[in-house]
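Structure first, commentary second.
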Amino acid sequence: MFDRRHFISAGALALAFAASAAHADDWKSKYKELTFAVVPAENASGVSDRYAPFMDYLSKELGVPVKLRIANDYAAVIEGQRAGNIQIAHYGPASYSTAYMTGVKTEPFVTTRNQDGTVGYYSVIYVKADSPYKDIQDLKGKTIGFVDPNSTSGYNAPRFFLHKAGIDADAFFGKSIITGSHENGVIALDKGTVDCAADWWNSDVDSNLTRMVKKGMVKKEDFRVIFKSGLLAGSPYAYLSDLPADLKQAIAKAFVDAPTKDKVAFDRLSDGKDKEFVAVTHKDYENTVEMIQFVNDMRKKRS
């Protein structure tokens, strides 16, 4: 059915973008290239392979080279944006919230919608499928693998939701290990270095684990979920607040157009599991900021 509202909205948007195009040279004279960084949800080679086609797409759409920076840890992305060296970043909700809370001038502008229509994801705790653990309480005194203190699903969310379930992670687990990436956490669990590991999970067919399975790194049937959080906000893409308005607009438009203009590059970002980009603002992450503040307060009490 013809949707007049959509037609008017799209037309108005086209006029706005056309009006800003005349000023494109203003920002291009300052930004000869743009740097795009991603928090390390997977290991470096995986990040490079996943994002390379999208970098080519953005470079074509924006008319300047967009270079991928592969960060060693979450803090490197936060500090890179603080220094103004990273114009666009893909954060997790927690790392974005930490950036915001520590004064980084960055603005979330889109996240992704899952194929089932939901926006957001979950934190889970995995155990080996053949382990004797049947309930989270069975893991008392055991070793857990956390990803990074700035990870949402790999650190902050499990701590927060375990607390809501009456479990103080620091007192409950015998030992915790920082693995550095989501893939490393699963590998540590597979090798027996940890008894359980925190990770991200969208659905049974879309998770860090299923992506590792697709790459031949592990077998899905070797793991099972023993604990699952409530729904978290979607991982945001954020640009520096002080970028020129027409550059911000051009970046946002390129993202929103990606599923139709370069579906191959868009699908590569999620192995075809995401439906589209949807607009977000800081308001969508206010609850995450509260969660991070709560976890930070818990850590301070322990120190």
Side-chain angles (χ1 to χ4, degrees), residues 3 6-7 9-21 24 27-28 31 33-39 41-42 46-71 77 81 86-93 96 106-121 200 202-203 205-206 208 210-211 214 233-240 243-281 284-285:
D3 189 335
H6 176 74
F7 175 78
S9 174
L13 192 62
L15 287 174
F17 287 136
S20 68
W27 67 260
K28 285 183 182 179
Y31 296 95
E33 68 176 36
L34 299 170
T35 300
F36 183 113
V38 186
V39 292
E42 60 188 319
V47 174
S48 180
D49 291 345
R50 188 174 302 281
Y51 277 88
F54 196 65
M55 295 303 98
D56 291 340
Y57 163 75
L58 287 179
S59 298
K60 178 182 176 182
E61 289 298 299
L62 297 175
V64 297
V66 180
K67 304 295 185 181
L68 180 66
R69 178 176 297 180
I70 300 176
V77 178
Q81 280 221 300
I86 295 171
Q87 287 77 42
I88 310 168
H90 187 200
Y91 285 110
Y96 161 71
T106 187
E107 300 174 23
F109 63 97
V110 292
T111 188
T112 50
R113 187 188 304 280
N114 303 321
Q115 284 290 351
D116 64 3
T118 60
V119 175
Y121 66 114
W200 70 264
N202 283 343
S203 70
V205 296
D206 183 19
N208 175 57
T210 59
R211 293 185 184 183
K214 186 174 181 179
S235 296
Y237 291 82
Y239 41 46
L240 292 177
L243 292 182
D246 53 345
L247 174 53
K248 291 182 186 178
Q249 193 175 47
I251 293 170
K253 183 178 188 300
F255 272 76
V256 171
D257 288 349
T260 53
K261 283 195 170 182
D262 195 336
K263 191 174 189 304
V264 172
F266 173 74
D267 285 347
R268 183 70 190 92
L269 295 177
S270 67
D271 293 341
K273 301 301 183 181
D274 288 339
K275 184 176 182 179
E276 62 186 348
F277 287 112
V278 293
V280 291
T281 66
D284 295 293
Y285 297 92

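If you're wondering where the values come from, they're calculated on a predicted model, not measured in any experiment. Note: hydrogens, waters and symmetry copies are ignored here, and every other heavy atom, side chains too, is used.
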Q) Which heavy atom in M55 sits nearest to a heavy atom in V66, and how many Å separate them? A) CB-O, 3.7 Å
Q | Positive for side chain to side chain contact (heavy atoms under 4.5 Å, CB included) with Y96, one of V280, T106, V39 | A | T106
Q.
Let's go through K261 and Y57 carefully: what are the C-alpha distance in whole Å and the side-chain angles of both, what is the deciding distance for side chain to side chain contact (heavy atoms under 4.5 Å, CB included) to 0.1 Å, and is it a yes or a no?
A. CA-CA 9 Å; K261 283 195 170 182; Y57 163 75; 3.8 Å; yes
Q: Find the distance between CH2 (W27) and CD (Q249) and round it off to the nearest 0.5 Å.
A: 12.0 Å
Q | Validation row: Y31, L247 side chains within 4.5 angstrom (heavy atoms) | A | yes
Q: Say whether Q81 and Y91, considering side chains only, have a donor N or O and an acceptor N or O under 3.5 Å apart.
A: yes
Q: Indicate the atoms forming the closest heavy-atom contact of P236 with Y285, along with that distance.
A: CB-OH, 3.3 Å
Q: Determine yes or no for a side-chain-to-main-chain donor-acceptor pair under 3.5 angstrom, with T35 supplying the side chain and K67 the backbone.
A: no
Q: Could you tell me whether the side chain of D49 reaches within less than 4.5 Å of the side chain of R268, counting heavy atoms only?
A: yes
Q: List the atom of A233, the atom of Y121, and the distance in Å for their closest heavy-atom pair.
A: O-CE2, 3.2 Å
Q: Report the C-alpha distance between V38 and I70 in whole Å, list the side-chain angles of each, state the deciding distance to 0.1 Å, and finish with yes or no for side chain to side chain contact (heavy atoms under 4.5 Å, CB included).
A: CA-CA 6 Å; V38 186; I70 300 176; over 6 Å; no
Q. Pick from Y237, F266, F255: which one makes a ring pair (Phe, Tyr, Trp, His ring centres under 6.0 Å) with F54?
A. F255
Q: Check whether any side-chain N or O of N114 sits under 3.5 Å from a backbone N or O of D116 as a donor-acceptor pair, and report yes or no.
A: no
Q) Looking at CG of L243 and CZ of F109, how far apart are the two atoms once the value is rounded to the nearest 0.5 Å? A) 9.5 Å
Q | Side chain proximity check, V278 to V110, heavy atoms < 4.5 angstrom | A | no
Q.
In the structure I gave you, are the side-chain heavy atoms of V47 and L68 within less than 4.5 Å of one another anywhere?
A. yes
Q. Are side-chain heavy atoms of T112 and K273 found at a separation under 4.5 Å?
A. no
Q: Before giving the answer on side chain to side chain contact (heavy atoms under 4.5 Å, CB included), spell out for I86 and R69 the whole-Å C-alpha distance, their side-chain angles and the decisive distance to 0.1 Å.
A: CA-CA 8 Å; I86 295 171; R69 178 176 297 180; 3.7 Å; yes
Q.
With side chain to side chain contact (heavy atoms under 4.5 Å, CB included) as the criterion, how do L240 and E107 come out once you've worked through the C-alpha distance, each side chain's angles and the decisive distance to 0.1 Å?
A. CA-CA 6 Å; L240 292 177; E107 300 174 23; over 6 Å; no
Q. Where is the tightest heavy-atom contact between R211 and L269, given as atom of each residue plus distance?
A. NH1-O, 3.6 Å
Q: Measure the CD1-CZ distance between I88 and F36 for me, rounded to the nearest 0.5 Å.
A: 6.5 Å
Q. Thinking salt bridges, do R50 and D271 make one under a 4.0 Å N-O criterion?
A. yes
Q | Side-chain touch Y51/D56, heavy atoms, less than 4.5 angstrom | A | no
**Q.** For P93 against S235, the heavy-atom pair lying closest together
**A.** CD-OG, 3.7 Å
Q | For the student: nearest non-hydrogen atoms of G120 and N202, plus distance | A | O-OD1, 3.8 Å
Q. If you round to the nearest 0.5 Å, how far is CG of D267 from CG of D274?
A. 8.5 Å
Q: Taking D284 for its side chain and T281 for its backbone only, find out whether a donor-acceptor pair lies under 3.5 Å.
A: yes
(Q) Can you tell me how far apart CD (Q87) and OH (Y239) are? Round to the nearest 0.5 Å. (A) 13.5 Å
**Q.** S203 side, atom OG; Q115 side, atom CD - distance, nearest 0.5 Å
**A.** 10.0 Å
(Q) Any carboxylate oxygen within less than 4.0 angstrom of a Lys/Arg side-chain nitrogen, looking at K253 and E61? (A) no
